[in-house]
Number of protein chains: 2
Amino acid sequence: MKVLIVEDDPLHRSYLHEAVNAALPECDTVIEAENGTIGEKLAREHKSAHIVMDLQMASRNGIEAARTIWKERPETRILFWSNYSDEAYVRGVSRIVPDGAAYGYVLKSASDERLKLALRSIFVESQCVVDREVRGLQQRSLGQTNGFTDSEYEILVDIALGLTDRAIAGRRGLSLRSVQNRLQQLYDKLDVYQAASDDNDDGRFNLRARAITIAFLRKLLNYSALERAEAELQEWLDGK
Amino acid sequence: MKVLIVEDDPLHRSYLHEAVNAALPECDTVIEAENGTIGEKLAREHKSAHIVMDLQMASRNGIEAARTIWKERPETRILFWSNYSDEAYVRGVSRIVPDGAAYGYVLKSASDERLKLALRSIFVESQCVVDREVRGLQQRSLGQTNGFTDSEYEILVDIALGLTDRAIAGRRGLSLRSVQNRLQQLYDKLDVYQAASDDNDDGRFNLRARAITIAFLRKLLNYSALERAEAELQEWLDGK
DNA sequence: GAACAAGCTGCGGGTTTACGCAAGACGGCG
DNA sequence: CGCCGTCTTGCGTAAACCCGCAGCTTGTTC
């Protein structure tokens, strides 16, 4: 068995290397990549079937890299190993997992034991392993309980990109009013409202901008999500 | 000499520990804290004069912690050791450094040698050491060359928080029109206009929201800056 | 002290947002 | 089939935003 490690922090990389050796005696080769771009390249060259991947890398982040790898070989098993459980990451990952693929999401704060168990479960047993904390987010995010619908999330991203209502309408094939409807839905769920309770009128918010801020503070959005969305937007703009 | 390490990643923490031991033979005690809150507490108890501090920690980030520590003992020497050189961080740090304090800003990607040199320079020689890459930002940021004025940055933060023009005017003691003037200045510098040049009218941006996005993508803003700004805002709101 | 740049402010108007109201459209369910 | 909930769309309005124009107050420079 060969394992590919994609991780930009040298300390974490060597820690992972050791963990893989310890957890998977049947693994004879470990390859390392220090960013997503190199990771993609090595995965292609070696036809890697077992990958441990960091999210949040400078050159090309884990989600991007995983997407292209899975596009080429959907049966690849990928364990995401991340510092954070931002909803933006979780949502980003669940959106690109191919049907039936084995993957995992483990936090860097997890114990050695957890990491090794996850390595075996995914790479040997082909099971999905998702950290409890992450799992919670995932369910809320995909189910409709308390979380955000895809269309709500979509419009959140659109205003975060700085599009006007009209531009969004054009992009998503909706009428102006529908876009505004969804916006109100979003404001509602994000609870962008307050300040009216006081008699003090000064503290009024610009709903649109405030929604973005709150989404950031709640980690519904993060840098990497913005970056991806911006790239998609540019693509769309170029395609007319 | 005693050294306090404030860093939430265990791997990085032990790496730092070793680096300190190697670079500073005169150091007899090393204390470790795993987040900003504990860091503050230990610094107070031990009256630490030499601190290595990570930015970006979950519980209380490095800038917050450093601020309160410096408020209590401004002669404390702090070496910031960070993964990133976001302008938001750099600006945040330079704003809280007391006059004449010795401090440093070294990236985690720097070599062992660089780190050890910085440790000696700051803790033994009381010199300021700032990574070249960071230094560049700092100068552009504080000088006016190409960078953003304090007032421009201020209003950027205000709209990023989601305040209305009127609310900003109230908070900053300006007229409505002045606020809008500054906004235009900001839009200008951020180059939020691009799409207007095209004949294609579809890709119109909402300037206010777009400015926030661009600031994020350029790392003028990041999560930690938002978080701090939000805290200040709440404080201000409470104070009426 | 005159000239000048830079910033604050009021006025006015064109555009975009936020949102209530109400009329279809679509899909499930008894 | 008729009832009902969810989603879409148009109309209309009040508020907020973007911004050109022009009068003022500063601080700077020659």
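Protein chains get the first letters and strands the later ones, always in sequence-line order, with residue 1 at the start of each. Heavy atoms only: backbone and side chains are in, while hydrogens, waters and symmetry mates are out.
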Under a criterion of less than 4.0 angstrom to any heavy atom of chain B, what are the 5'-terminal and 3'-terminal contacting nucleotides of DNA chain C?
C:dC8 to C:dT17
Strand-adjacent residues in residues 172-180 of chain A, judged by heavy atoms under 4.0 Å from DNA chain D
A:Leu174, A:Ser175, A:Arg177, A:Ser178
Electrostatic pair [X]-[Y], nearest N-O below 4.0 angstrom:
X        : Y        : value
A:Asp150 : A:Arg91  : yes
A:Arg210 : A:Asp191 : no
A:Lys189 : A:Glu152 : yes

Comparing B:Leu207 and B:Asn181 on DNA chain D - which has the more 5′ nearest nucleotide:
B:Leu207
Indicate the ring-plane relationship of A:Phe80 and A:Tyr103, choosing parallel, tilted or perpendicular according to the 30° and 60° boundaries.
perpendicular
Between B:Asp86 and B:Asn222, do the side chains contain an N or O donor and an N or O acceptor separated by less than 3.5 Å?
yes
Donor-acceptor pair between B:Asp165 and B:Gln180 side chains, under 3.5 angstrom:
yes
Atom [atom1] of [X] to atom [atom2] of [N]: distance rounded to whole Å?
X        : N      : atom1 : atom2 : value
B:Gln185 : D:dC18 : CD    : P     : 14 Å
B:Asp188 : D:dC19 : CG    : P     : 9 Å
B:Asn206 : D:dA16 : CG    : P     : 16 Å

Tell me if a side-chain donor or acceptor on A:Thr76 pairs with a main-chain N or O of A:Trp70 at a distance below 3.5 Å.
no
Under-4.0 Å side-chain N/O to phosphate OP1/OP2 contact, A:Arg182 with D:dC7:
no
Identified side chain to side chain contact (heavy atoms under 4.5 Å, CB included) partner of A:Leu161 from the options A:Glu232, A:Arg171, A:Gln234
A:Arg171
